[in-house]
Amino acid sequence: MLEDEYQLDFFSNNGFIRKQCQKCGVFFWTRDLDRKTCGDAPCDPYSFIGNPVFKKQYDLAEMREYFLNFFEERDHTRIGRYPVIARWRDDIYLTIASIADFQPFVTSGEVPPPANPLTISQPCIRLPDLDAVGRSGRHLTTFEMMAHHAFNTNDKEIYWKERTMELCDEFLMSLGADPMAVTYKEEPWAGGGNAGPCVEVLIGGLEVATLVFMNLKQSKDGDIMIKGEAYSKMDNYIVDTGYGLERFVWASKGSPTIYDAIFPSIVNELMGLAGIDHELDNAEYAYILSQNARLAGLMDISEKANLLELRKQVASSIGTTVEKLTSIMEPVETVYAITDHTRCLTFMFGDGIIPSNVKAGYLARLVLRRTLRMMRDLDIKISLSEIVKMHINNLPEYPEFEDNFETIEDILHHEEQKFADTLERGRRMIQKSAIHYKKSGEKIPLDKLIEMYDSHGIPPEISKEAAAEVGVEVDLPDTFYSLVADKHGKAEAKEIKEYPYADRIENLPPTKRLFYDEPNRMEFEAVVLDIFDNHIVLDSTLFYPEGGGQPADHGKLVIDNDVLHVIDVQMIHGVVVHNIKEIEDELHIRKGDLVIGKINEKRRMAHARHHTATHIVNDAAKKVLGDHIWQAGAQKSESHARLDLSHYKRITTEELNEIEMISNQIVMENQRVNSEWMDRTDAEQAYGFRLYQGGVPPGKNIRILKVGDDIEACGGTHCTNTGLVGPIKILKTERVQDGVERIEYAAGEAAVRAVQESDRILRDSANALRVTPEHLPLTIDRFFGEWKEFKKENARLKDELAHALVHKMMRGAVEINGIRIVAEIITHADSEELIKIALGLAEQDDVVALLASSLEGVKIVATAGKGAIEQGVDVGKVVREMSHIVGGGGGGRPDMAQGGGIDPSKIDDALINGTELVKEQCAIK
RNA sequence: GGGCUUGUAGAUCAGGGGAAGAUCGUUACGUUCGCAACGUAAAGGCCGCGGGUUCAAUUCCCGCCGAGUCCA
């Protein structure tokens, strides 16, 4: 089926022939009649190392500019890059390809592209091959995907396969590539619910670009099968290309590794700091590195076993031992990885990711900690921010990183400190248990290592090291991390919620939403378009459907004399559905009926105030905390609202007060709240992705709301002026996740009520202590201090009392078989007192004390002196018996026991029985 | 979003259903010209908060609050 897709005039007109690779069997196109293999790894080894494939060398900036310029000259519009954190999407955290910029709304056809055709160089971050970075010579966590995209529809085709191939080939030739060395490999592509034919572009054994012709979408009844999934044709079709900027630079330089090609100065600097002679001019050394890269190019080395295999092959090809090779390669590879990872961190933090233990922030921390670990291995003493600074200096094309450096530096220092703390904590933990295992002569079990990593973040290598310091061995299997992964199991597939009335709604026109143009109107007339069960659809409505963290409006629909209560409102594909309390059977309502709608104004206004307040607080928080903060969620209700913000440290009370003050100042300035509908792309170009603080709205046009200096895409209902919000009172802050702070606040009447409520609490508290509120802190302090004093005094007095009672009670002792039994009721004594007295009594070797009191039921304490125990007395057993009698339980040791019960009337019985039992115990002896 | 760990003296942590511990630090005294070191003694705890189970909870169970960490 797909085979026909590749029969292009471009190939036949330019002397290409289609061949099948003798090694892998894949079909490819080449101008070289003698070529037998496809040009890709592992069928062909790298031939460009030491032998560049283009006519001159380029660095990153030069190559990027050359590419973008090349396509600009060929009618493409250059557009700016998107952030590496995919703010406009909720299905991925990081931007993984240039096409990701245009998903989902551009690729679906819902929104036109910012330009067509366009060219872009998009920084991307991919972390799945983390282990191979540095070792393979080619893997990177961060790369720029240069691309030219054309978005075609059935109405209008920009260009498709022929032109794409032409452009690509022309581009390569313009760089001076040997036409005979270029091959185009057929490779169907599928990903993210789309698929299509695809051509991989290879030169010198290196894949430098991928040309995807996206024209299929996944569908249950599709007739095209790719990789086990069914696809059908899309109405639109998209040219999705990806040219690896770093690979082009590498191919142009022919250096042993990609790292030496793209950031040589930083690699050299770090090599120096690690004490490694990185002399690429040294032929022998350069040969080792390039042999390693060549052979690594042929295999997947993400697994440890494969890495060992690579070492073996490289060692034998250069005539040395695996050990010797490893000792040379490992530090070098680590420096490469550090250089790559710090560039990744530069992009992540430069684009505003805040480290966290969830979501994108977690990925940032993962990379960061990995980097710190590697720096530790090499004993590189400088701080992360110094390396990041090198990258920023190296990337003048990204001035925004320089602008954010102060924040980035602060974040990095925080994270370094945090990791140091974690390691220190972990070191203590592992050494503690190491000492435990040392005593029994065991090794530390694997389970313990897994727990240390999984629950405490201590990498197994560090556990091993810490254990070795106290002389305990540790077995660390190669499969360690996959064992951890197994523990977590698989993620369950997401359930797609299907709206129950989706079929019927599909046939209805989008509802006219009146609340945007007339935010203050609370009554309207409309025509009933459809009704199913207790769901009503009108042609237009003032009812706000739930969305953007704002709950639905409530209110009434009136038809003649019937009043229907609207209790929920939802919007499905542009159709607003009113959910009413009454059910259909009881309704006298038909399609076409005229209804009058009345909004519950109090509820709506409370929501509007809280919603507008949310934008104000967000604005104020940005001013106080910095530009890095980003809304991570928000929810409004009638009584309060909350806003979650990404921030890398706790918000202090002072900052909170300032946020509150600035918020209220914005209110008092009574600024106009502006809203306008804008073309999505225009809005993005004008305001950037800050627009999507509250999530990404669908559609070609989006509503842009300006409150103070806050500009966001927002579909909520708002006050027309900030003054109408009324007072804003911050209620509290909490840390909802590491890196995410939540602020709760109330606005308008709700704020007044909140203040009144906290006033009431304060007043009640002050009244309880008979003081005025301003004296409260001092008074409480005094009370608490006195309470502690009294407690101590009380304990001291009980000691004294016990001491006195001991002498008095000794006189009432009954002597049996050479031991003295004291059995007494001490009214109102608590267990603490009983214990003190009993212990005092039992200081005499021959005394057994059985004491009871009737405080809160019955308390029993018994003790026995050493001599009595030798005689066979076991007060544990005695107390158990006595406690049963009073309806409870108890027990203890032979010399000391406690118990109790619920029936005070049996105390005497219990004491008599207890005494008898003690007698028996000595008699038995 | 899910999993795991964790909260005890100023700090670091033991302990664990029946008398709240250790080490360091603090204070006082001794020793010293003085300091360090040493010796002796003392002070310092709502055993995170709120419920439940129990005769009895710092300990077990549940909820909340806080800290840490892994995964998607």
Side-chain angles (χ1 to χ4, degrees), chain A residues 90-93 127-128 355-360 362-363 365-366 369 418-419 421-429 431-433 435-436 447-448 450-460 480-495 632-633 650 732-738 740 742 783-785 787-792 795 798-799 802 830-840 842 852-863 875-876 879-880 882-893 895-904 906-907 910:
Chain A
D90 47 20
D91 53 342
I92 51 173
Y93 299 132
L127 301 178
S356 167
N357 51 7
V358 291
K359 302 188 179 176
Y362 171 70
L363 298 177
R365 184 169 283 164
L366 180 83
R369 293 195 167 186
K418 223 174 141 90
F419 190 46
D421 291 347
T422 294
L423 290 187
E424 184 48 38
R425 229 187 345 262
R427 174 174 296 276
R428 280 196 305 264
M429 264 190 263
Q431 293 198 345
K432 201 186 304 164
S433 70
I435 288 164
H436 169 259
D447 276 358
K448 187 76 196 170
I450 292 179
E451 187 203 319
M452 287 305 295
Y453 177 69
D454 205 24
S455 299
H456 304 292
I458 314 303
F480 182 83
Y481 290 99
S482 50
L483 289 173
V484 173
D486 289 346
K487 248 190 89 176
H488 289 277
K490 273 197 218 113
E492 77 292 5
K494 242 193 230 163
E495 256 182 67
R650 296 305 310 259
K732 66 168 181 172
T733 129
E734 59 184 311
R735 205 193 68 148
V736 59
Q737 287 288 3
D738 192 17
V740 182
R742 172 169 294 173
F783 269 79
F784 192 58
W787 174 78
K788 287 205 272 191
E789 286 302 318
F790 284 138
K791 218 175 67 154
K792 271 179 261 174
K798 279 177 184 170
D799 269 341
D830 59 18
S831 348
E832 195 188 339
E833 286 176 77
L834 294 180
I835 289 167
K836 282 184 168 152
I837 299 164
L839 286 170
S853 80
S854 56
L855 192 77
E856 290 168 2
V858 182
K859 305 273 179 253
I860 300 169
V861 174
T863 54
V875 293
V879 166
R880 197 173 310 139
M882 290 170 71
S883 302
H884 283 311
I885 294 169
V886 294
R893 301 185 304 265
D895 62 321
M896 156 86 189
Q898 289 178 52
I902 48 172
D903 188 356
K906 299 267 175 63
I907 292 184

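Each chain gets a letter, A, B and so on, in the order its sequence line appears, and its residues count up from 1.
Using a 4.0 Å heavy-atom cutoff across all strands shown, A/E832 reaches no nucleic acid atom at all. Using a 4.0 Å heavy-atom distance criterion, A/G889 is classed as a base contact. Looking at heavy-atom distances under 4.0 Å, A/L366 makes contact with sugar-phosphate atoms alone, never a base. Among the protein residues, A/R880 comes within range of no part of the nucleic acid, since none of its heavy atoms lies under 4.0 Å from any strand. At the heavy-atom level, A/T422 lies under 4.0 Å from the strands shown only through sugar-phosphate atoms.
For B/rA42, the paired nucleotide is B/rU26, the pair qualifying as Watson-Crick or G-U wobble because both relevant distances are below 3.5 Å. Look at B/rG21: its Watson-Crick or wobble partner, with both distances under 3.5 angstrom, is B/rC13. Under the Watson-Crick or G-U wobble criterion, with both distances below 3.5 Å, B/rU54 has no partner in any strand shown. Judged by Watson-Crick or G-U wobble contacts below 3.5 Å, the nucleotide B/rU31 has no partner. B/rG7 and B/rC65 make up a base pair, with Watson-Crick or G-U wobble contacts both under 3.5 Å. B/rA37: no Watson-Crick or G-U partner with both key distances under 3.5 Å is found in any strand.
With B/rG1, B/rU69, B/rG66 as the candidates, the nucleotide lying closest to the side chain of A/V358 is B/rG1. Of the candidates B/rG66, B/rC55, B/rC70, B/rC70 carries the atom nearest the A/Y453 side chain, counting heavy atoms from C-beta on. Among the nucleotides B/rG68, B/rU5, B/rG18, the one closest to the side chain of A/H456 is B/rU5. Nearest to the side chain of A/D738, among B/rU69, B/rG18, B/rC55, sits B/rU69. Distances were taken from every side-chain heavy atom of A/S455 (C-beta onward) to each of B/rA72, B/rU5, B/rU12; the shortest belongs to B/rU5. The side chain of A/R735 has B/rG68 as its nearest neighbour among B/rU69, B/rC65, B/rG68. Nearest to the side chain of A/Q898, among B/rG18, B/rC70, B/rC65, sits B/rG18. Of the listed nucleotides (B/rC55, B/rC13, B/rG66), B/rC13 has the atom at the smallest distance from the side chain of A/R425.
For A/R427 and B/rU12, the CZ to P distance is 17 Å, given to the nearest whole Å. Residue A/F419 contributes atom CZ, which lies 13 Å from atom C1' of B/rG68 at whole-angstrom precision. Atom NZ in A/K359 sits roughly 11 Å away from atom C1' in B/rA72 (whole-Å rounding). Going from atom CD1 of A/I458 over to atom C1' of B/rU69 covers 9 Å, rounded to whole Å. For A/Q737 and B/rU69, the CD to P distance is 12 Å, given to the nearest whole Å. Note: CZ (A/R893) to P (B/rG17) measures 13 Å, nearest angstrom. In this structure, A/R650 atom CZ and B/rC65 atom P are separated by 12 Å, rounded to whole Å. Taking atom CD1 of A/I835 as the reference point, atom C1' of B/rG18 lies 7 Å away to the nearest angstrom.
Under the rule for a ring pair (Phe, Tyr, Trp, His ring centres under 6.0 Å), the partners of A/F784 that lie at least two apart in sequence or sit in another chain are A/W787. Looking at residues two or more places apart in sequence or on another chain, you find no salt bridge (charged side-chain N to carboxylate O under 4.0 Å, His left out) involving A/D421.
A distance of about 10 Å separates the C1' atoms of B/rC47 and B/rA9, rounded to the whole Å. Only the P atoms considered, B/rA43 is 22 Å distant from B/rC38, to the nearest whole Å. B/rC33 sits 22 Å from B/rU27 when the P atoms are compared, rounded to a whole Å. For B/rU31 and B/rA20, the P atoms lie 37 Å apart once the distance is rounded to whole Å. Rounded to the nearest Å, the gap between the C1' atom of B/rG2 and that of B/rC49 is 26 Å.
If A/R369 and A/G892 are placed on RNA chain B by their nearest nucleotide, the residue sitting closer to the 5' end is A/G892.
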I'd like a table of atom pairs between the protein and nucleotides 45-52 of chain B - only N or O on both sides, under 3.5 Å - with the distance next to each one.
from, atom 1, to, atom 2, distance (Å)
B/rG45, OP1, A/K788, NZ, 2.7

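When the side-chain nitrogen and oxygen atoms of A/K432 are compared with OP1 and OP2 of B/rA14, one or more of them lie within a distance under 4.0 Å. Residue A/R428 places none of its side-chain N or O atoms closer than 4.0 Å to OP1 or OP2 of B/rU12.
Side-chain N/O atoms of A/D454 and base N/O atoms of B/rU69 include no donor-acceptor pair closer than 3.5 Å.
Open room surrounds NZ on A/K906; 12 or fewer heavy atoms of other groups in view lie less than 6.0 Å from it.
Salt-bridge annotation for A/D799 and A/K836: present, with a side-chain N of the basic residue lying under 4.0 Å from a carboxylate O of the acidic one.
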